[in-house]
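Single-structure report; data block below.
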Amino acid sequence: MDARPNSPEARDISYHLHGYTNARKHEEAGPLVIEKGDGIYVEDLAGNRYIEAMAGLWSVAVGFSEKRLVDAAVRQMSKLPYYHDFGSKSHSPLIDLAEKLVQMAPVSMSKAYFTNSGSEANDTAMKMIWYRSNALGQPARKKIISRNRGYHGVTIAAASLTGLPNNHISFDLPIANVLHTSTPHHWREALPGESEKQFSSRLADDLEKLILAEGPETIAAFFGEPIMGAGGVIVPPAGYWEKIQAVLSKYDILLVADEVICGFGRTGEMFGSQTFGIRPDIMVLSKQISSSYLPISALLINEKMFEPIADESNRIGTFGHGFTGGGHPVAAAVAFENLKLIEERDLVGNARTVGAHLQKRLRNLASHPLVGEVRGVGLIAAVELVGDQASKAPWETAGALGGLVNGFMQQNGVISRNMGDALAFCPPLIITEPQVDQVVDAFERSLEAAVKQVGPET
C-alpha cells in the first residue's frame, strides 16, 4: 500500500467506509485500488495485473471494457439520459428489455418490474407477495421462508431473508414473519450414510414440518437461489428442488427463484432454474443482466402474481411502489445490449464447455490435504478448505485458512473471494480453457504456500 498522506490509498482510509470489510483492519492495511480492466483482467494503481476470477461480484459476464456496452451507454445518454415509469410513463429501452426478459424466461411469465439492485428486487418481491395476499383476502398469509446460508441482499427485508449471521448481528435482524429452513449442503450436513436423495427428502420434510407448525394459511412464499452463492456455492443435492417444490405446491405457497448470481448463463444454461428444473412464480434478476456496467435489476412475475396485484391497484387507485431509477434508460439500454452479446457469442455454451474444464481441474485437487470438498456447476465453483479432511474441522478458527489462501491467490495474480473457508471461482463467461488453467495453477501454488505456513497439522 502507498502510505503517502495524499495517496489514493490514504484518502480511501480517510473518507470511505467499505462494505463487507473490517473497518479497523482496513485502517491498517488499506485498499487494493483497481484502476482499469479489460476482458477477464483488472489492473491496480501500481500496474499489477490480475485475473478477476470472481467477475467483480459474480457479475461481469462479458468481461471488462466491452466497447459495445460503452457505446450503448453513450448513445442512450445522448438521446434520453433519464426517464421513469411512474404514472404510465415509459421509454423504448425499458420496453425492449421488458419484452426480452419475459420472452427469455424459462417458464411462462407475465410482466417485468425494474429495480436497481438484487436487494431492492427481493424487497420488492416481498412487498408484492404481501400486496397479493391482501388482494386475495388472505391477510394472514404473510410469512416468508428462506434458507440458512442463503443470500438475498442487504436491505432490511432482503437481509432478513439472507441466512448468514453477519448480516443479522447488530442490525436487529431478521424482521418478523421471515423464517429459515435447512441448508441443502450434503457434504457438511448429511447424516452418516445418508445419500443425497435421502438428505433431500429429509430437508423437504423439515420444510413441511415448519409450514405445519406455523400454519399453512400463514405462509406466503419460499425464496431460494438455484445454487447458493455467497453462502459458499452450495449445489443442491439430487432430487432437492423436485421435493421442495412438491411441498410448496401442496400448500399453495409461491416460489421465488433468486437468479441474481445464476441468471444469464452462469450454470451453463441461461437460468439456474433450467439447470435444476425449478418452476418459479417470481424470478429475481440482477448482476449479469448488465454485466454490472450499470446498476439494474428486475423481477419477472407470472399471471398468478400479476392478476391479483393489478386488481388491487385498481381498487386502491395505484400500485404505490416504485424507484426513481427503476428501469433507467441508460442502464436498460446497456442491459439489452449485454443480453444480445451473451446470445450472439454463445457465452452460455462457453460457460458449459469451459465450465466443465474448470470443474475437472478443481476436482483433480480433491486429494490435496487442505481440500475438503470441491463443488460447482458451469462457471461457478468453490473449494472448501479444511485443517483435517477426516473430521472436516477448520485450521485454527473457521475462515482462517480461506483468508490465508485467498491472500496467496492475490499475490499470485488472481482475485478470488473466500466465504469462510470456501474459495469461490466465478470468472467472466468469456474465459477460455487456457485462462482457466492459469487460475487453477495459481490456486495450486497458493495451496502449497499455505501448506508451508499451516505446518504439521495437515
Item to check | Polar side-chain atom of Asp281 near backbone of Leu255 as donor-acceptor pair, under 3.5 Å | outcome: yes
Item to check | More than 12 heavy atoms of other groups within 6.0 Å of Tyr82 OH | outcome: yes
Checklist entry - Within the distance-only criterion (no hydrogens, no angle test), does the side chain of Thr21 pair as donor or acceptor with the backbone N or O of Ala23 below 3.5 angstrom? => result no
Checklist entry - So, does Glu373 use its side chain to make a donor-acceptor pair with the main chain of Trp187 at under 3.5 Å? => result no
Item to check | Neighbour count above 12 (heavy atom, 6.0 Å) for Ile175 CD1 | outcome: yes
Item to check | CE-CG distance between Met419 and Asn406, expressed to the nearest 0.5 angstrom | outcome: 9.5 Å
Checklist entry - Donor-acceptor pair, Glu9 side chain versus Ile13 backbone, under 3.5 Å? => result no
Checklist entry - Is atom OH of Tyr15 surrounded by more than 12 heavy atoms (other residues, nucleotides or ligands) closer than 6.0 Å? => result no
Next on the checklist: Nearest 0.5 angstrom please: Glu337 CD to Leu97 CG, how far?
Outcome noted: 12.0 Å
Checklist outcome for this item: Correct closest heavy-atom pair for Ser416 and Met409 would be CB-CE, 3.8 Å
Item to check | Criterion side-chain hydrogen bond (donor to acceptor under 3.5 Å, both in side chains) on Asn134 and Lys142, from CA distance to verdict | outcome: CA-CA 9 Å; Asn134 290 328; Lys142 299 292 171 60; 2.9 Å; yes
Checklist outcome for this item: Between the CD1 atom in Ile145 and the CG atom in Asn177, the distance rounded to the nearest 0.5 Å is 11.5 Å
Next on the checklist: If you apply the rule side chain to side chain contact (heavy atoms under 4.5 Å, CB included), what do you find for Glu343 with Lys100, and how did you get there?
Outcome noted: CA-CA 12 Å; Glu343 291 180 330; Lys100 178 72 171 173; 2.6 Å; yes
Checklist entry - Taking all atoms of both residues into account, what is the closest heavy-atom pair of Val454 and Leu401, and its distance? => result CG2-CD1, 3.7 Å
Next on the checklist: Before you tell me yes or no, could you show the steps for Glu66 and Arg345 under salt bridge (charged side-chain N to carboxylate O under 4.0 Å, His left out), namely the whole-Å CA-CA distance, both residues' side-chain angles and the distance that decides it to 0.1 Å?
Outcome noted: CA-CA 13 Å; Glu66 168 54 55; Arg345 296 176 181 175; 2.8 Å; yes
Checklist entry - Okay, side chain of Ser65, backbone of Gly37: is any donor-acceptor separation there less than 3.5 Å? => result yes
Checklist entry - Between the side chain of Arg375 and the main-chain N/O of His185, is any donor-acceptor distance below 3.5 Å? => result no
Checklist entry - For Thr183 and Met228, what are the C-alpha separation, side-chain angles and deciding distance, and is it a side chain to side chain contact (heavy atoms under 4.5 Å, CB included)? => result CA-CA 9 Å; Thr183 306; Met228 299 174 82; 4.1 Å; yes
Next on the checklist: side chain to side chain contact (heavy atoms under 4.5 Å, CB included), that's the test. Do Gln435 and Thr432 meet it? Break it down for me.
Outcome noted: CA-CA 5 Å; Gln435 291 169 335; Thr432 64; 3.2 Å; yes
Item to check | Glu344/Arg68 ion pair, N-O < 4.0 Å | outcome: yes
Checklist entry - Between Asp85 and Ser90, does a side-chain hydrogen bond (donor to acceptor under 3.5 Å, both in side chains) hold up when you go through it step by step? => result CA-CA 5 Å; Asp85 70 348; Ser90 198; over 6 Å; no
Next on the checklist: What verdict does the side-chain hydrogen bond (donor to acceptor under 3.5 Å, both in side chains) test give for Ser117 and Ser297, after you've listed the backbone C-alpha separation in whole Å, the side-chain angles of each residue and the deciding distance to 0.1 Å?
Outcome noted: CA-CA 5 Å; Ser117 69; Ser297 56; 5.2 Å; no
Checklist entry - After noting the C-alpha distance and the side-chain angles of Glu28 and Lys25, does the key distance pass the salt bridge (charged side-chain N to carboxylate O under 4.0 Å, His left out) rule? => result CA-CA 5 Å; Glu28 299 171 4; Lys25 285 188 177 180; over 6 Å; no
Item to check | Minimum-distance pair of heavy atoms, taken over all atoms of Phe271 and Pro106 | outcome: CD1-CD, 3.5 Å
Item to check | Heavy-atom check, side chain of Ser182 versus side chain of Arg147, under 4.5 Å | outcome: no
Checklist entry - Does the side chain of Pro427 come within less than 4.5 Å of Ile40's, by heavy atoms? => result no
Next on the checklist: Tell me if the centroids of the rings in Tyr240 and Phe276 come within less than 6.0 Å of each other.
Outcome noted: no
Checklist entry - If you look at every heavy atom in Val60 and Pro428, which pair is closest and at what distance? => result O-CB, 3.3 Å
Checklist entry - Under a 4.5 Å cut-off applied to non-hydrogen side-chain atoms, are Tyr50 and Asp44 in contact? => result yes
Checklist outcome for this item: Here the gap from Leu404 atom CG to Leu447 atom CG, rounded to the nearest 0.5 Å, amounts to 10.0 Å
Checklist entry - Is the CG atom of Asn166 crowded by more than 12 outside heavy atoms at less than 6.0 Å? => result no
Next on the checklist: With side-chain hydrogen bond (donor to acceptor under 3.5 Å, both in side chains) as the criterion, how do Tyr293 and Asn338 come out once you've worked through the C-alpha distance, each side chain's angles and the decisive distance to 0.1 Å?
Outcome noted: CA-CA 9 Å; Tyr293 275 48; Asn338 176 71; over 6 Å; no
Checklist entry - Does the side chain of His152 come within less than 4.5 Å of Ser146's, by heavy atoms? => result yes
Checklist entry - Can you find a heavy atom in the side chain of Val256 that is under 4.5 Å from one in the side chain of Ile129? => result yes
Item to check | Val260 side chain near Tyr151 side chain, heavy-atom distance below 4.5 Å | outcome: no
Next on the checklist: Is any side-chain heavy atom of Asp38 closer than 4.5 Å to one of Glu43?
Outcome noted: no
Item to check | Full working for salt bridge (charged side-chain N to carboxylate O under 4.0 Å, His left out) between Glu120 and Lys127 | outcome: CA-CA 11 Å; Glu120 282 186 4; Lys127 287 184 70 179; over 6 Å; no
Checklist entry - If you draw a 6.0 Å radius around NZ in Lys360, do more than 12 non-hydrogen atoms from other residues or ligands fall strictly inside? => result no
Checklist entry - Which value, rounded to the nearest 0.5 Å, describes the distance between Thr324 atom OG1 and Phe86 atom CZ? => result 5.5 Å
Checklist entry - If we only count heavy atoms from C-beta on, is the Pro236 to Ile227 side-chain gap below 4.5 Å? => result yes
Checklist entry - What are the two closest heavy atoms between Phe64 and Gly56, and how far apart are they? => result CZ-N, 4.3 Å
Item to check | Check: Asn148 side chain, Gly163 main-chain N or O, donor-acceptor pair, under 3.5 Å | outcome: no
Checklist entry - When the ring planes of His16 and His18 are compared, do they come out parallel, tilted or perpendicular, using 30° and 60° as the limits? => result tilted
Checklist entry - Are the side chain of Glu433 and the backbone N or O of Gly355 linked by a donor-acceptor pair below 3.5 Å? => result no
Next on the checklist: Taking the six-membered ring for Trp, are Phe443 and Phe425 closer than 6.0 Å centroid to centroid?
Outcome noted: yes
Next on the checklist: Would you compute the distance between atom CZ of Arg188 and atom NZ of Lys392 and round it to the nearest 0.5 angstrom?
Outcome noted: 6.5 Å
Item to check | Check ion pair Arg24-Glu27 (N to O, under 4.0 angstrom) | outcome: yes
Item to check | Nearest heavy atoms of Ser59 and Lys287, plus distance in Å | outcome: CB-CB, 3.5 Å
Checklist entry - Hey, does the side chain of Arg417 reach the backbone of Met54 with a donor-acceptor pair shorter than 3.5 angstrom? => result no
Item to check | Backbone N/O of His84 and side chain of His328: donor-acceptor pair under 3.5 Å | outcome: no
Item to check | Verdict with supporting geometry, Leu370 and Val386, side chain to side chain contact (heavy atoms under 4.5 Å, CB included) | outcome: CA-CA 5 Å; Leu370 297 183; Val386 293; over 6 Å; no
